[in-house]
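In what follows, a structure is listed as structure tokens, so that the remarks can point back to it.
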Amino acid sequence: MNTIISSGQMKELDSRTINEFGIPSRVLMENAGKGCADFLRSMFDDELLLSVSIICGNGNNGGDGYVVARWLDYFGYDVTIITVGEGKSSPETIANRELCQKLEMEILDYNSDDNIERAMQALYHSGVIIDAIYGIGFKGNLDPELADLIKIVNMIEVFKVAIDIPSGINADTGYTELAFKADLTLTLESLKYGHLLGEGRLYCGLVEILPIGIPDIYWDEVEAAVLLDESVELLPDRNKFSHKGDYGRIAVFAGSQGFSGAAFLASLAAIKAGAGLVTIFCHPGQIRIYDNKPYEVMVREIPCSNDRIDITALETALDNYDVILFGPGCSVSDFTLQTLNFILNNWYKPAVIDADGLNTLAQHPELYALLAEKSIILTPHWGEFCRLADISMDLLYQDSLLQLRQFVNTYKTKVLLKSATSVYYDSEITYINTSGNDGLSTGGSGDVLSGLIAGFLAQKMSPANAAGMAAYYLGLTAELLADTQETMSITPTEILDNLFKYEELDDEEDEE
């Protein structure tokens with residue numbers, strides 16, 4: 001299981017290992033640099049043989065870089081060290097730089113006008129460029145001189161490696177205006193939030209986690225997020241002696257004139273996820289638009305009189321249902337608001353609110369208090385979340401995790417924030433999902449996702465696992481489809497047709 005922590009948590013782990021466990025910081029730095037050098041030697045020997053340039057800053061990330069340089073030199077590679085930045089260095093960094101000097105390695109001070117041309121020549125003739133400038137301690141923006149250097153390096157078409165995290169990226173948010181663009185990031189001990197959030201994934205390239213010697217016992221006390229991948233795959237329990245009633249009944253309040261497809265996609269996704277029975281509840285005046293519904297889905301009218309919902313009758317109609325899915329394709333209307341009011345005031349079982357359910361909720365923040373302590377999952381994309389939280393897109397872009405946590409903690413609810421990197425948070429659990437591709441950037445993908453969540457909830461999965469696994473399997477299916485077709489041609493219907501058919505998709509790939 002891959003855990004994700006903040007820069008502060010990583011520094012605390014370092015500190016405890018040094019001060020409590022007794023491993024000197026010099027040893028941790030040696031472990032980090034040697035581990036990086038060993039990995040590069042084992043995986044990228046051909047590139048290293050062309051020569052290596054390592055850009056070292058003054059901090060401990062620069063110290064790691066000096067260790068990498070020393071070991072690559074020991075392995076026989078041609079290494080040039082380029083130093084940048086000014087200011088005080090740690091004793092460990094100073095000691096490792098002095099070791100490189102004793103080995104008579106080439107060290108070029110980029111701050112010296114006499115060395116700039118030689119440094120540029122080294123960079124342009126490198127097979128590998130390694131970034132060991134800032135690491136996870138970076139905040140703010142790069143200074144102009146360093147920004148100019150990174151712009152140049154980013155344009156050089158060679159293999160680029162970042163130690164811990166590319167310089168210029170905030171390790172807690174992924175926010176950057178300019179950063180070293182790595183093909184490979186060798187992160188130390190654990191993933192950091194900045195590897196996955198914001199633009200972190202764009203700049204990190206492939207991320208490899210390398211141990212440096214933090215004792216396992218310290219991890220038990222860390223409140224870490226979890227990256228959803230094959231190591232945590234989970235599906236509802238099934239029993240071959242069961243019947244449909246064992247797998248839950250879902251009431252889907254979705255669709256409207258012109259948007260019945262949203263209701264169908266969500267309902268079929270719930271069935272694909274294993275729900276026992278799925279029923280679309282619709283406005284009486286719209287019952288005819290469901291004449292061509294999928295065979296597996298039932299349709300019922302919402303009991304109402306003079307366009308007002310009959311609350312008592314609807315409560316009775318929902319007595320035997322286990323989960324409500326509300327919002328896909330509903331449109332924003334008074335009737336949608338009535339339905340939302342009913343759910344928030346009268347429903348105490350699990351529910352998923354998506355799409356126009358969220359847009360309606362955002363227009364009535366006085367209803368937020370009714371979310372508290374219920375098993376209701378909100379599934380906004382970034383635009384919908386900005387409306388819910390009443391914040392700008394720019395603020396969300398700068399620190400999406402902070403904004404999500406503030407909203408959830410304020411209203412005591414549960415949210416799956418959808419994007420290329422989706423984040424689930426409920427005040428206790430943080431799941432991060434990176435599966436998927438641009439094939440999901442199509443109307444209807446969100447409807448499939450909300451249906452999957454509802455289907456998992458109906459089978460007694462926890463809200464966290466239902467939301468997290470639904471996002472993961474949706475993305476995984478899109479990735480596997482991309483092995484046999486262009487991502488632009490992937491449709492929500494194809495996602496539905498290929499959910500949980502991974503062996504078949506793999507076989508098709510093997511045949512080709």
Side-chain angles (χ1 to χ4, degrees), residues 1-17 25 28-29 31-33 35-36 39 57 59-65 68 130-142 160-214 216 218-219 221-229 231-232 397-405 417 419-425 429-434:
M1 179 174 68
N2 286 325
T3 56
I4 308 158
I5 60 175
S6 68
S7 61
Q9 289 173 311
M10 188 66 239
K11 290 173 184 175
E12 177 67 17
L13 287 168
D14 278 339
S15 177
R16 293 190 67 186
T17 301
S25 57
L28 292 181
M29 185 174 285
N31 291 347
C36 291
F39 182 85
N60 284 344
N61 195 245
D64 297 336
V68 174
I130 299 176
D131 162 28
I133 304 172
Y134 283 123
I136 65 173
F138 178 80
K139 298 287 190 296
N141 297 313
L142 299 168
K160 301 185 187 73
V161 181
I163 306 301
D164 219 358
I165 195 166
S167 294
I169 292 178
N170 184 310
D172 294 326
T173 67
Y175 179 77
T176 184
E177 291 188 356
L178 172 67
F180 180 89
K181 199 167 192 311
D183 300 294
L184 170 70
T185 295
L186 300 176
T187 193
L188 307 178
E189 201 65 40
S190 174
L191 289 167
K192 318 304 184 298
Y193 289 107
H195 292 124
L196 305 172
L197 302 176
E199 292 193 287
R201 289 174 65 193
L202 176 65
Y203 283 92
C204 287
L206 176 69
V207 179
E208 187 73 24
I209 304 168
L210 302 179
I212 63 171
I214 305 296
D216 289 343
Y218 290 155
W219 283 101
E221 302 171 34
V222 175
E223 294 183 5
V226 174
L227 176 65
L228 300 176
D229 58 19
S231 68
V232 292
Y397 175 74
Q398 291 181 36
D399 195 340
S400 58
L401 186 60
L402 174 65
Q403 298 302 324
L404 173 61
R405 286 178 167 171
L417 180 59
S419 68
T421 297
S422 294
V423 184
Y424 171 86
Y425 180 64
I429 296 173
T430 305
Y431 284 155
I432 294 181
N433 179 63
T434 59

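All of these numbers come straight from a predicted model, not from anything done at the bench.
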Practice problem: Give a yes or no on whether the ring-centroid distance for Phe180 and Tyr203 is below 6.0 angstrom. | Solution: no
Between [X] (side chain) and [Y] (backbone), is there a donor-acceptor pair under 3.5 Å?
| X | Y | value |
| --- | --- | --- |
| Ser190 | Thr3 | yes |
| Asp164 | Pro166 | no |
| Asp399 | Thr173 | no |

With distance as the sole criterion, is a donor-acceptor pair present between the side chains of [X] and [Y] under 3.5 Å?
| X | Y | answer |
| --- | --- | --- |
| Arg201 | Thr434 | no |
| Ser422 | Asn433 | no |
| Thr187 | Lys192 | yes |

Which pair of non-hydrogen atoms, one from Cys36 and one from Ile163, has the smallest distance, and what is that distance?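 Shortest heavy-atom contact: SG-CD1, 3.8 Å.
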task: Answer yes when Glu199 and Lys181 have at least one side-chain N-carboxylate O distance shorter than 4.0 Å, and no when they do not.
output: no
*Give the C-alpha distance, both sets of side-chain angles, the deciding distance and a yes or no for side-chain contact (heavy atoms from CB on, under 4.5 Å) between Leu186 and Val161.*
CA-CA 7 Å; Leu186 300 176; Val161 181; 4.1 Å; yes
Subject >> Matching residue for Ile214 among Asp14, Asn31, Leu188 - test: side chain to side chain contact (heavy atoms under 4.5 Å, CB included) >> reply: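 Single side chain to side chain contact (heavy atoms under 4.5 Å, CB included) partner of Ile214 among Asp14, Asn31, Leu188: Asp14.
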Given Leu191, Leu227, Leu184, Asn2, the one that forms side chain to side chain contact (heavy atoms under 4.5 Å, CB included) with Val207
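Output: one option passes, namely Leu191.
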Practice prompt. Classify the ring geometry between Tyr431 and Tyr424 as parallel (under 30°), tilted (30 to 60°) or perpendicular (over 60°).
Written response: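 Ring orientation, 0 to 90° scale: tilted.
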Hey, what do you get for OG1 (Thr176) to CD1 (Ile165), rounding to the nearest 0.5 Å?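 Taking OG1 in Thr176 and CD1 in Ile165, the distance rounds to 9.5 Å.
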